> 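The structure under discussion is supplied below as C-alpha cells; questions concerning it will follow.
Predicted model only: the values in this text are computed from it and were never measured. Chain letters run A, B, ... following the sequence lines, proteins first and then strands; every chain starts at 1.
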2 protein chains.
Amino acid sequence: MSDNDFQRLFAAILDLGLPKSMASRLRAFGREIDVKCGTVAEFDETSDRFIVFVAKGVAKLVGHLGNDREQIVALVLTNDLIMQSRTGTVPYFLYGITDCRLLAFPADAFIRTVAADPDIAKAIFDRMFVAFDQSRDMSVLLGRKTAQERVASFLSSMADRIGNEDENAGLLSLPISRREIADSLGLTIETVSRQFTELRQLGVIDTNGRSEVKILDRLRIRKLAALPL
Amino acid sequence: MSDNDFQRLFAAILDLGLPKSMASRLRAFGREIDVKCGTVAEFDETSDRFIVFVAKGVAKLVGHLGNDREQIVALVLTNDLIMQSRTGTVPYFLYGITDCRLLAFPADAFIRTVAADPDIAKAIFDRMFVAFDQSRDMSVLLGRKTAQERVASFLSSMADRIGNEDENAGLLSLPISRREIADSLGLTIETVSRQFTELRQLGVIDTNGRSEVKILDRLRIRKLAALPL
DNA sequence: CGTGATCTTGATTGAAATCAAGAAAAGTGG
DNA sequence: CCACTTTTCTTGATTTCAATCAAGATCACG
C-alpha cells in the first residue's frame with residue numbers, strides 16, 4: 001500500500017485528512033492483512049489488542065462457546081473499525097465473509113501515536129463510541145427482542161448501512177448467508193427463514209434469490225423492529 | 001471534591017498517577033453528579049457523549065424498549081468507567097442502584113485533554129477495551145447461553161469483581177435485586193429464582209437471605225457457566 | 001408487629017429450537 | 001450448456017426451555 005493509498009484510506013475511514021507525518025509514523029507499525037473468504041485473520045503474537053480497519057471487504061467477529069454454539073458480535077463492512085482483543089472470556093476470531101484487506105495496528109503503539117494529534121484522537125474515539133452504541137443495541141436486541149423484531153432490526157440496519165439510495169431505494173444485496181444472520185441474531189437458520197417468509201407475507205419486504213431483499217416499507221419495518229420512528 | 005481527592009480517584013481508576021497540570025485541566029470541565037438510589041443520572045444537554053467514572057456506588061446502564069422491556073447493558077461498580085451516549089437506537093439511562101457519586105466529562109473535551117499525555121490516553125483506552133470485552137461477552141451470553149449458564153456466569157463474574165478473598169473466599173453480597181439480575185441476563189425474575197434454587201440443590205452455591213451468596217465450588221460454577229477453566 | 005415489596009414455587013402456555021424432509025440455488029465437470 | 005452433486009434454504013411436525021399466570025412465603029421497614 002502506497003503512502004497515498006494509506007492517506008486515502010484513513011480519510012475515508014475517519015472523515016479527516018491525515019497529516020503526512022502521522023501517516024508515515026502509523027505505517028511503520030501497521031500491518032496489512034489479506035483474509036480470504038471463510039478464513040480467520042491471523043494477527044501477530046506480539047500484542048493481544050489490535051485496532052483493525054477494514055480497507056476492503058466484509059468480515060465478522062465471532063465468539064465461540066463450544067458445542068457449535070457461536071455468536072457474531074460484530075459485522076464489519078468496508079471502512080469500519082474493530083477493536084480486536086484476546087482478553088474476553090470466550091475466544092473471538094475475525095473471519096472474512098468476502099475476501100478482505102485489513103489494516104491492523106497493535107493497540108498500544110497506535111494509541112500513543114494518535115494521541116499526538118487531538119483531532120485524530122477525537123475521530124478514533126468517535127468511531128469507538130459508534131462501536132459501543134452498536135454493541136449495546138445488540139445486547140438489547142439479544143436480551144429482549146422477539147425473533148420477528150430481530151430480523152426486522154437486522155434488515156433495517158442493513159438498509160441504513162448498505163442500502164441503495166437512488167431509484168432502487170431499499171434494495172439490498174445481503175453480503176451474508178442465513179446461517180450468519182442467525183448467528184448474529186441469536187436465532188437458528190430455520191427461525192430466520194420463517195421470519196423472512198412472514199415479513200414477505202406481511203408485504204414489508206420482497207425477496208429474489210438468496211441474497212436480494214427489497215424493503216417495501218421502511219417505516220413499517222422499523223415499527224416491527226421496535227425501533228424509534 | 002478537592003484537588004487531592006480528584007487525583008486519588010484517578011489514581012484508583014486508572015492505576016496511574018495523574019500529573020497536577022492534567023488534573024486541574026480535567027477538573028475544569030468535569031462535573032460531579034450525585035445520584036440517589038433508584039434515580040436517573042442527569043447529564044447536561046451540551047453534549048451527548050460523556051466519559052463517566054463511578055467514584056462511589058453501584059449503577060446500571062439500561063436500554064429501554066417500551067412495554068416494560070428493559071435490558072441492563074452494563075453494571076458498573078466503584079472505580080469503573082462508562083461511555084455514556086445518547087446516539088444508540090434505543091434510549092439509555094444510567095440509574096443509581098445505590099447512592100452514587102459520579103464524575104462526568106463531555107467526551108470531546110475529555111479526549112482532547114487526555115491526548116496530551118500518552119500514558120493517560122493509553123490507560124483510558126485500556127479501560128475502554130475492557131468495557132468492549134465485557135459488552136461482547138454479554139452478547140455471547142445473551143445470544144447463546146441457557147438460563148443456567150447465564151446465572152452461573154453472572155455469579156462467577158460477580159465473584160471475580162467483588163468476591164471476598166480472605167478466609168471467606170467466595171462469599172458475595174449481591175448489590176442488586178433479582179429483578180436487576182433478570183434484566184441484565186435477559187431472563188425473568190422467576191427463571192433467575194429457579195436457577196438459584198437449582199444451583200443450590202447442585203451444591204454449587206449456598207444462599208443466605210436475599211443478597212448473600214456463597215460460592216462453594218468456583219471451578220464447577222465456571223463449568224456450568226460455559227466459561228473456560 | 002403488621003404491611004408492602006421481593007422472592008420462591010407450582011401449573012400452564014407459548015415462542016423458538018429441534019428434528020425431518022424436500023426445494024432451490026450454486027458449483028463441477030463432461 | 002447441461003446432467004449431477006453439494007450446499008443452502010424453506011417448510012412442516014414435534015419438542016423443549018423459559019415466559020406467563022397464579023398463589024404463597026419471606027424479608028425489609030415503618
> Is any N or O donor-acceptor pair between the side chain of B:Arg210 and the base of D:dA28 shorter than 3.5 Å?
no
> Centres of the A:Phe132 and B:Phe132 rings: under 6.0 Å?
yes
> Under 30°, 30 to 60°, or over 60°: which ring-plane class applies to B:Phe125 and A:Phe125, parallel, tilted or perpendicular?
perpendicular
> Quick one: is A:Ser193 getting a side-chain N or O under 4.0 Å of the D:dC9 phosphate, OP1 or OP2?
no
> From the list D:dA19, D:dC21, C:dA17, which nucleotide is the closest neighbour of the side chain of B:Glu190?
D:dC21
> Classify the nucleic acid contact of B:Arg179 as base, sugar-phosphate or nothing, counting any heavy atom under 4.0 Å across all strands shown.
sugar-phosphate
> How do A:Gly209 and A:Gln148 order along DNA chain C: which one's closest nucleotide is nearer the 5' end?
A:Gln148
> A:Gln195 CD to D:dT11 C1': how many Å, rounded?
13 Å
> Identify which nucleotide among D:dC9, D:dT20, D:dA18 has an atom closest to any side-chain atom of B:Ala147, counting heavy atoms from C-beta outward.
D:dA18
> Looking at A:Phe196, I'd like to know if the NZ or CZ of A:Arg178 sits under 6.0 Å from its six-membered ring centre while staying within 45 degrees of the ring's axis.
yes
> Judged by each residue's nearest nucleotide on DNA chain D, which is more toward the 5′ side, A:Thr207 or A:Arg144?
A:Thr207
> Please determine whether a side-chain nitrogen or oxygen atom of A:Thr188 lies at a distance below 4.0 Å from atom OP1 or OP2 of C:dA17.
yes
> Atom CZ of B:Arg69 to atom P of C:dA15: distance rounded to whole Å?
13 Å
> To the nearest angstrom, how far is B:Leu187 atom CG from C:dA15 atom C1'?
15 Å
> For the pair made of CZ in A:Phe196 and C1' in D:dT10, what is the distance, rounded to whole Å?
12 Å
> What is the separation between atom CZ on B:Arg200 and atom P on C:dT8, rounded to the nearest whole Å?
7 Å
> D:dT11 phosphate, OP1 or OP2: any side-chain N/O from A:Thr197 under 4.0 angstrom?
yes
> Would you please indicate if the ring centroids of B:Phe10 and B:Phe53 are separated by under 6.0 Å?
yes
> Measure from CD1 on B:Ile181 to C1' on C:dC7 and round the result to the nearest Å.
11 Å
> Classify A:Arg178 by what it touches in the nucleic acid, base, sugar-phosphate, or nothing, heavy-atom distance under 4.0 Å.
sugar-phosphate
> Nearest of D:dA19, C:dA16, D:dG12 to any side-chain atom of A:Thr146?
C:dA16
> B:Leu199 CG to C:dC7 P: how many Å, rounded?
17 Å
> From CG of A:Leu142 over to C1' of C:dA16, roughly how many Å is that when rounded to an integer?
14 Å
> Should B:Arg101 and B:Glu32 count as an ion pair when the cut-off is N to O under 4.0 Å?
yes
> With respect to the side chain of A:Arg194, which nucleotide from C:dT18, C:dA17, C:dG10 is positioned closest?
C:dT18
